2 protein chains.
Amino acid sequence: MIPIGEASRRSGVGIETIRYYEREGIVPKPARASNNRRLYSAGDVGRLRLLKKCRALGFPLADAKALLDLSEEGSTDCQSVKALAEQHIANVRSKIAELERLDAALHELSGNCDSGNVSCPMLTRLQDG
Amino acid sequence: MIPIGEASRRSGVGIETIRYYEREGIVPKPARASNNRRLYSAGDVGRLRLLKKCRALGFPLADAKALLDLSEEGSTDCQSVKALAEQHIANVRSKIAELERLDAALHELSGNCDSGNVSCPMLTRLQDG
DNA sequence: ATACCTCCTGTAGCGACTACAGGATCAAGC
DNA sequence: GCTTGATCCTGTAGTCGCTACAGGAGGTAT
């Protein structure tokens, strides 16, 4: 059983974030030493590591918790995991599409901007459009 | 001079958002009628419309304010506009790259997920990796 | 008079942390 | 035993850009 700083180092999850996950009920409350300090098991660290990977994949925290819960069941319900993943993939793709739309619009608008212009064509078009 | 609801309709910016912009100093405080209600000029509406377009292009509010301020100057400093736009374009592109990385990783991870699996390969790999 | 609409101020919530403040406890060296 | 510095504790506030109330005042139409 290790203290929170060590759990943070081993999982890559920040100390404040670990306490935040505990407050929010994402991870179970850890054991406490007699001096009231938190004590983490290898399983606790494993949970934090899984959370970290889910977050790095962009899953919202609620989904990350759902995946964590699924991983606790022995059954590891593949259907539910796949559903969460595909929903998330769809979100990611729609964000990409939106950003590409922005990229094109920005490129087009700023294209005529050059030093020496009397009035900025980008601002002019934004004001008039 | 029109009341806030009409300014909201003409600019497409929500009433609460207009008041928020005022609180945050993004737009100047409008005139007030004798009954303390806000009164907006055509210029005020134009500012809101420009803000709306900048936000729709994904500029952070601080940048949108900067663009608004630039548009108020007669000079309309094209260099500054271009700098803001290019910085923002770079941000957008790095977000796209990051999301495409996630998309590929998610696709790869969930690819082996199918009904009938005893243990979910995605979860297994997230736990072990 | 009634009902309804618009407006006012002020505050709290979203997501997912992050950054303190202000204190308690611990480990190591002298 | 004393000091220093690291680590830990709780609790609160800040980030971004809104959005959604609560609770009230004022305006308009019947």
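Keep in mind it's a predicted model, so treat the numbers as computed, not measured. In what follows, every chain begins at residue 1, and chains take the letters A, B, ... in the order their sequences are listed.
- An OP1 or OP2 oxygen of C:dC7 is reached within less than 4.0 angstrom by no side-chain nitrogen or oxygen of B:Arg38.
- The two residues B:Leu57 and A:Ala105 make their nearest non-hydrogen contact at CD2-CB, 3.8 Å.
- If you take CG on A:Leu84 and CD on A:Gln79, they are separated by 12.0 Å, rounding to the nearest 0.5 Å.
- The nearest whole Å value for the distance from the CZ atom in B:Arg23 to the P atom in C:dA12 is 13 Å.
- Side-chain proximity of A:Tyr21 to the nucleotides C:dC8, D:dT10, C:dC17 is greatest for C:dC17.
- Using a cut-off of 4.0 Å between Lys/Arg side-chain N and Asp/Glu carboxylate O, B:Glu98 and B:Arg101 are scored as salt-bridged.
- For the residue pair A:Leu48 and A:Val27, the shortest heavy atom distance occurs at CD2-CG1, 4.2 Å.
- Per the geometry, CD1 belonging to A:Ile15 stands 13 Å off P belonging to D:dT10, to the nearest Å.
- Listed here is the closest heavy atom pair of A:Cys78 and B:Cys120: SG-SG, 3.5 Å.
- In this structure, the CG atom of B:Asn36 is 19 Å from the P atom of C:dT6, given to the nearest Å.
- Remark: A:Tyr20 is not in phosphate contact with C:dG15, judged by side-chain N or O atoms under 4.0 Å from OP1 or OP2.
- Listed nucleotides C:dC17, D:dC9, D:dG17 differ in distance to B:Pro60; the shortest reach to its side chain belongs to D:dG17.
- Positionally, the nearest nucleotide of DNA chain D for B:Phe59 lies more toward the 5' end than for the other of B:Phe59 and B:Asn35.
- Between the CG atom of B:Leu51 and the P atom of D:dC18 there is a distance of 9 Å, given to the nearest Å.
- On a pure distance criterion of 3.5 Å, a polar donor-acceptor pair joins the side chain of A:Glu16 and the base of C:dC20.
- Between A:Glu24 atom CD and C:dA16 atom P the separation is 10 Å, expressed in whole Å.
- Whole-Å rounding puts the B:Leu61 CG to D:dT19 P distance at 12 Å.
- Here the C1' atom of nucleotide C:dT25 and the CD1 atom of A:Ile4 are 15 Å apart, to the nearest Å.
- Each of B:Ala62 and B:Arg19 lies near DNA chain D, and the nucleotide nearest B:Ala62 is the one positioned closer to the 5' end.
- In this model, the phosphate group of C:dA16 is not approached by any side-chain N or O of A:Thr17 to a distance below 4.0 Å at OP1 or OP2.
- In this entry the distance linking CD of A:Glu22 with P of D:dC8 reads 14 Å, nearest Å.
- Proximity note for A:Arg37 (side chain, C-beta onward) versus D:dC8, D:dG27, C:dT9: the nearest is D:dC8.
- Annotation: of the two residues near DNA chain C, A:Ser34 and A:Arg55, the 5′-most nearest-nucleotide partner is A:Arg55.
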